Amino acid sequence: QMPLAESGGGLVQAGGSLRLSCAAAGRDFNIYTMGWFRQAPGQEAEFVAAIGSWNDNTMYSDAVKGRFTISRDNARKTVYLQMTNLKPEDTGVYYCAAMTKGTVFNRQDYDYWGQGTQVTVYS
């Protein structure tokens, strides 16, 4: 098992920044590829970013590339999503997820999910 708990969401004005955290409680955190997804009201969850097990690879959706940065601290069993220059279209519930294998863009390939944290960006 790999319980995940997100934090750091909130209400922010457009152009502002937030840093999301996702703390894992299970063992062997370092073997998991970690991803962030988000879901806006009435829409399906979409891929945001992912990071390989040893910080070796990062991937971003086109919508956030250049504005968001994913990172992880394996000693703290935590993955982060630094979000800058936020836009109203970034509003949604942000979920972190863990996978051992699969395609990072495909949410069905992730084994564990957190409960999500709300991010609201107003203009």
Side-chain angles (χ1 to χ4, degrees):
Q1 294 293 314
M2 180 60 67
L4 301 171
E6 302 93 338
S7 62
L11 181 67
V12 63
Q13 191 171 19
S17 300
L18 282 175
R19 188 176 83 153
L20 305 184
S21 299
C22 173
R27 297 175 58 184
D28 300 324
F29 173 76
N30 54 286
I31 72 172
Y32 290 90
T33 292
M34 300 299 295
W36 285 97
F37 287 75
R38 67 187 182 188
Q39 186 168 22
Q43 298 185 21
E44 293 188 355
E46 63 171 353
F47 170 78
V48 174
I51 186 166
S53 55
W54 291 104
N55 285 317
D56 51 349
N57 285 307
T58 57
M59 299 190 75
Y60 299 91
S61 69
D62 289 342
V64 308
K65 196 174 298 182
R67 300 187 298 120
F68 290 12
T69 302
I70 189 171
S71 62
R72 67 190 293 163
D73 184 336
N74 285 341
R76 296 179 183 271
K77 298 183 180 180
T78 302
V79 62
Y80 305 97
L81 186 68
Q82 178 68 49
M83 306 186 294
T84 63
N85 191 21
L86 282 160
K87 305 175 181 180
E89 51 264 43
D90 294 318
T91 294
V93 178
Y94 282 69
Y95 299 91
C96 70
M99 66 185 297
T100 54
K101 61 181 179 180
T103 302
V104 296
F105 309 108
N106 187 4
R107 61 183 185 271
Q108 284 77 18
D109 287 348
Y110 286 81
D111 304 300
Y112 303 105
W113 291 82
Q115 294 299 307
T117 185
Q118 176 71 45
V119 172
T120 303
V121 185
Y122 64 95
S123 57

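Bear in mind the structure is a predicted one, so any value in this text is a computation, not a measurement. Starting from 1, each residue takes its place in the sequence as its number.
Looking at every heavy atom in both residues, Gln118 comes nearest to Gly92 through NE2-O, 3.4 Å. When all heavy atoms of Ala49 and Leu81 are compared, the pair lying nearest together is CB-CD1, 4.2 Å. Nearest approach of Ser123 to Ala14, heavy atoms of both residues: CA-CB, 4.2 Å.
Looking only at distances, a side-chain donor or acceptor of Asp73 sits under 3.5 Å from a matching main-chain atom of Arg76. Side chain of Asp109 to backbone of Met99: no donor-acceptor contact under 3.5 angstrom is found. A donor-acceptor distance shorter than 3.5 angstrom exists from the side chain of Glu6 to the backbone of Cys96, with no hydrogens or angles considered. Counting only distance, with no hydrogens or angles, the side chain of Gln82 and the backbone of Arg19 share no donor-acceptor pair below 3.5 Å. A donor-acceptor distance shorter than 3.5 angstrom exists from the side chain of Tyr110 to the backbone of Val104, with no hydrogens or angles considered. A side-chain donor-acceptor contact under 3.5 Å links Asn74 to the backbone of Ser53. Counting only distance, with no hydrogens or angles, the side chain of Lys77 and the backbone of Gly26 share a donor-acceptor pair below 3.5 Å. Not one N or O on the side chain of Thr120 forms a donor-acceptor pair closer than 3.5 Å with the backbone of Thr91.
Looking at heavy atoms from C-beta onward, Ile70 lies out of side-chain contact with Tyr80 at the 4.5 angstrom threshold. Asp90 has its side chain within reach of Arg67: a pair of non-hydrogen atoms, C-beta onward, lies under 4.5 Å apart. Two residues are said to be in side-chain contact when any heavy atoms from C-beta on lie closer than 4.5 Å; Val64 and Arg38 meet this criterion.
In the hydrophobic clustering of ILVMFWY residues, with side-chain heavy atoms under 4.5 Å counting as a link, Phe37 and Val79 come out apart. By the rule that hydrophobic residues join a cluster once side-chain heavy atoms approach within less than 4.5 Å of another member, Val48 and Phe105 end up as members of separate clusters. Phe47 and Tyr112 fall into different hydrophobic clusters, where Ile, Leu, Val, Met, Phe, Trp and Tyr side chains are chained together by heavy-atom contacts under 4.5 Å. Ile31 and Ile51 fall within the same hydrophobic cluster, defined by Ile, Leu, Val, Met, Phe, Trp and Tyr side-chain heavy atoms under 4.5 Å apart, directly or through other members. Hydrophobic clustering, with ILVMFWY side chains joined whenever heavy atoms are under 4.5 angstrom apart, groups Tyr60 together with Trp36.
Ion pairing between a basic and an acidic side chain is recognised when a charged N comes within 4.0 Å of a carboxylate O; Lys65 and Asp62 show such pairing.
The number of heavy-atom neighbours closer than 6.0 Å to CD of Glu44, taken from other residues, nucleotides and ligands shown, is 12 or below. Counting non-hydrogen atoms of other residues, nucleotides and ligands closer than 6.0 Å to CD of Gln115 gives a total of 12 or fewer.
Both tests do not hold together for Arg107 against Tyr95: distance to the six-membered ring centre under 6.0 Å, angle to the ring axis within 45°.
Applying side-chain contact (heavy atoms from CB on, under 4.5 Å) to Phe68 and the options Leu86, Thr58, Asn85, Thr84 leaves one that passes, Leu86.
Atoms CZ and CD, on Arg27 and Gln1 in that order, are 13.0 Å from each other to the nearest 0.5 Å. To the nearest 0.5 angstrom, Asn30 atom CG is 7.5 Å from Arg72 atom CZ.
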side-chain contact (heavy atoms from CB on, under 4.5 Å) between Met83 and Val119, worked out: CA-CA 10 Å; Met83 306 186 294; Val119 172; 3.9 Å; yes
